[in-house]
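Following: one structure in structure tokens, then a few remarks.
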Amino acid sequence: MEEQKTDWKSMLGLALIFGIVAFMFLRNQEEPQITEEEQTTTEATSEVTSSTSTNLVPNDSISIPASNTGKEIQFNSDLVDFKINTKGAYISEALLKKFKTYDSLPVYLVKGGDHKFDLKFMTKDGRTLHTQDMIFTAQESMNGANKVLSLKANPASGASLEFRYEMKPDDYMLDFNIRSQGLSQVANTSEEVALNWELQGYRRSKGMDNESRYTEAKFEYDDGSDDYTGQGEMAEEEAEKITYVAYKQHFFSSILLTDTPFKSGVIETYNNYAADDEQTVLTKKFMTTAQLEYSGGELAYNMDWYFGPTDYDILDSYDRNLDEVVDLGWGIFGVINEWAIRPLFTLLSHPVKGAGIPYGIAIILLTVCVRLVLSPVLYKSYLTQAKMKILRPELNKIAEKYKDNAMKKQQETMKVQSEAGASPLSGCLPALLQMPVFFALFKFFPTAFELRQKSFLWADDLSSYDEVISLPFKIPFYGDHVSLFPILASISIFFYMQMTTGQNMQASQQPGMPNMKFIMYLSPLFMLVFFNNYASGLSLYYFVSNLITIGIMLVIKHVIIDKDKVFAKIEKAKAKPKKKKGKFASKMAEIMEQAQAQQEEQKKNKK
């Protein structure tokens, strides 16, 4: 199971939504063409001078001139263009062909010197060897339809080390194997090999805050458990038996997987940007140090590289537990997203195989479906609130009659509500049952890859904010732009709260209680500010959801509820013989009577 850490921004968002909803119911290079001749084994030999020959005696350590940067070899598929550098045999470039950044630039997951992959091992005489300093000889071939690139170095006379890459034509996953022969002649096999993997993250989305919120390292360890580093300025996690490490940069991920678990490892992330700097191109720096073990004095690891989108369906198709890289939420929230929200949204957005509808329409349809599914749960809550409005005149009379006796006023109020079948508690509990769905959707929309760069109405990207006005300055907690969907959602919340509680607040205000009218105005304001930088798809959902809720309330008020029948029910309840109360009700009544008696006794003593 995933160990959770405190993500204060997400917790604030969840708490805000919970407060709003609870209050309403209470009151997201060209590919090289391989010719027939090239399909046979070809060889690319690096430009190495005689002084850097890899045929060293066992006790010699590697010494490569700094000027020798190796040769970059194109290694491309239908989806990703790679470059492999013969110095270090590492991936020096990874370009995703089918995607662009928010400003129409190519999406590089690896570019320039931002990627580092190195194995460090000790020699028998106490010196260290680094694969990043070695010059490898490259050999290309084909394995059926798959391209193969084998890179070999000779760290000592009679010893060899091979990095082998194999690529399928239409796949983001790249097979990666490490093999050695005769390495035990030069290496101290009692010492573990240190694997070092580093990557610099770059901004690819319009909203820096939103992208960094979902940029983190995730990893699987200890036979299936998974964890993540979180959102701190600096984060560090240690684990054993690591089977994959994922550097997730919101909608794109770089993942290293291994069939033989790494014995142990440390995963670190560092923020490379200022929280208020919307112009930066850097997000986080990722670093992993893992321990590899020798097998029979040699290295033998079958690994995989994944460079591609953080798309739930693609990651899940590998059957390696990579779907956990997508943040669907923890506990019941993740279950709802995985087994209900995601399949339903996929069905609505692509009702016919190979054909889809605008994603904004799919969100509206999803909203309607969610409200229909929850309607039996919510109906009683809405009905209770409508009845409370009808009972308001009578409750006002009780409040006036017992204005000097708060305990008696409360007793009589509860009595009238019970007789009318309008207990606030019975209306509140069904509303609280929908909280897991609200929280699940809060996680679903900002991480749904399908919404990336999908437009609807004035929103050009449903996974980011829907800016309609750009401000020449930045407002703290709000931003340097104005988003329209959060405004509409806030207005709809305000009107719904006015319908359900606005007219009753002043009369129901109790001494010592918070000013509910103030909260009614403050809650939509909080949502307006908080959601200004969030995924516009999420704000669209809440806006449509609130409109549907308002419609349901109007139907209940004007069609379903009959005022005369409600009052007749109250009179009929008064005329009926009093039923014996249950244990809980009897105990509550006894407590209230005792409290009232004590209150009256205190008044007498004062006199």
Side-chain angles (χ1 to χ4, degrees), residues 9-10 13 17 28 96 98-104 107 172 203-216 248-253 308-316 323 325-329 333-334 336-351 354-370 437-468 481 483-486 488-489 530-545:
K9 292 185 178 180
S10 293
I17 295 177
N28 171 325
L96 302 187
K98 293 189 175 183
F99 305 102
K100 298 291 184 182
T101 65
Y102 74 101
D103 49 357
S104 301
V107 173
Y172 290 104
R203 176 184 179 182
R204 299 181 181 91
S205 299
K206 180 169 59 175
M208 185 63 175
D209 276 349
N210 200 43
E211 181 167 12
S212 62
R213 188 177 294 115
Y214 300 99
T215 296
E216 60 192 0
K248 183 181 70 171
Q249 302 177 59
H250 198 185
F251 285 127
F252 299 97
S253 293
T310 314
D311 185 307
Y312 181 90
D313 293 328
I314 294 176
L315 294 173
D316 187 51
D323 55 288
V325 175
V326 182
D327 187 8
L328 294 180
F333 312 134
I336 292 173
N337 274 327
E338 182 175 1
W339 298 104
I341 301 299
R342 282 203 60 83
L344 178 59
F345 186 73
T346 300
L347 176 63
L348 293 173
S349 58
H350 292 84
I357 63 174
Y359 280 94
I361 300 298
I363 291 175
I364 294 174
L365 294 177
L366 175 68
T367 310
V368 173
C369 290
V370 170
V437 177
F438 275 85
F439 292 161
L441 289 166
F442 180 81
K443 280 291 188 179
F444 170 74
F445 284 107
T447 58
F449 187 84
E450 300 92 325
L451 298 181
R452 181 181 182 269
Q453 296 182 350
K454 299 301 189 299
S455 61
F456 181 66
L457 299 178
W458 56 85
D460 57 6
D461 187 346
L462 287 168
S463 71
S464 187
Y465 54 81
D466 55 312
E467 177 182 338
V468 291
H481 62 274
S483 300
L484 185 52
F485 276 130
L488 296 177
F530 189 76
F531 279 72
N532 190 60
N533 293 294
Y534 256 67
S536 54
L538 182 63
S539 299
L540 171 61
Y541 171 86
Y542 285 127
F543 170 56
V544 176
S545 179

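Hydrogens, waters and symmetry mates play no part in the numbers below; they use all other heavy atoms, side chains included.
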[atom1]-[atom2] distance between [X] and [Y], expressed to the nearest 0.5 angstrom:
X    : Y    : atom1 : atom2 : result
F449 : S463 : CZ    : OG    : 9.0 Å
F531 : S483 : CZ    : OG    : 12.0 Å
L451 : L540 : CG    : CG    : 10.0 Å
S545 : I364 : OG    : CD1   : 12.0 Å

Donor-acceptor contact below 3.5 Å, side chain [X] vs main chain [Y]:
X    : Y    : value
H481 : N532 : yes
S104 : K100 : no
S536 : A459 : no
N337 : A440 : yes
S349 : A362 : no
E211 : R204 : yes

| request: Could you go through the side chain to side chain donor-acceptor pair (under 3.5 Å) check for S464 and S205 one step at a time? | output: CA-CA 8 Å; S464 187; S205 299; over 6 Å; no
[X] to [Y] - nearest heavy-atom pair and separation:
X    : Y    : answer
L365 : I357 : CD1-CD1, 3.8 Å
T215 : H250 : OG1-N, 3.7 Å
D316 : D323 : OD1-OD1, 3.6 Å
G360 : L462 : N-CD1, 3.7 Å

| note | Sequence neighbours excluded, the answer for salt bridge (charged side-chain N to carboxylate O under 4.0 Å, His left out) partners of E450 is R342
| said: With side-chain contact (heavy atoms from CB on, under 4.5 Å) as the test, pick out the partner of F456 among I361, D466, I363. | reply: I361
| Member of F485, F442, Y465 meeting the side-chain contact (heavy atoms from CB on, under 4.5 Å) criterion with Y534 | F442
| salt bridge (charged side-chain N to carboxylate O under 4.0 Å, His left out) partners of residues 453-463, not counting sequence neighbours, each pair once | K206-D460
| Where does the angle between the aromatic ring planes of H350 and Y359 fall among parallel (under 30°), tilted (30 to 60°) and perpendicular (over 60°)? | perpendicular
| Between F99 and F252, does the ring centre distance come in under 6.0 Å? | yes
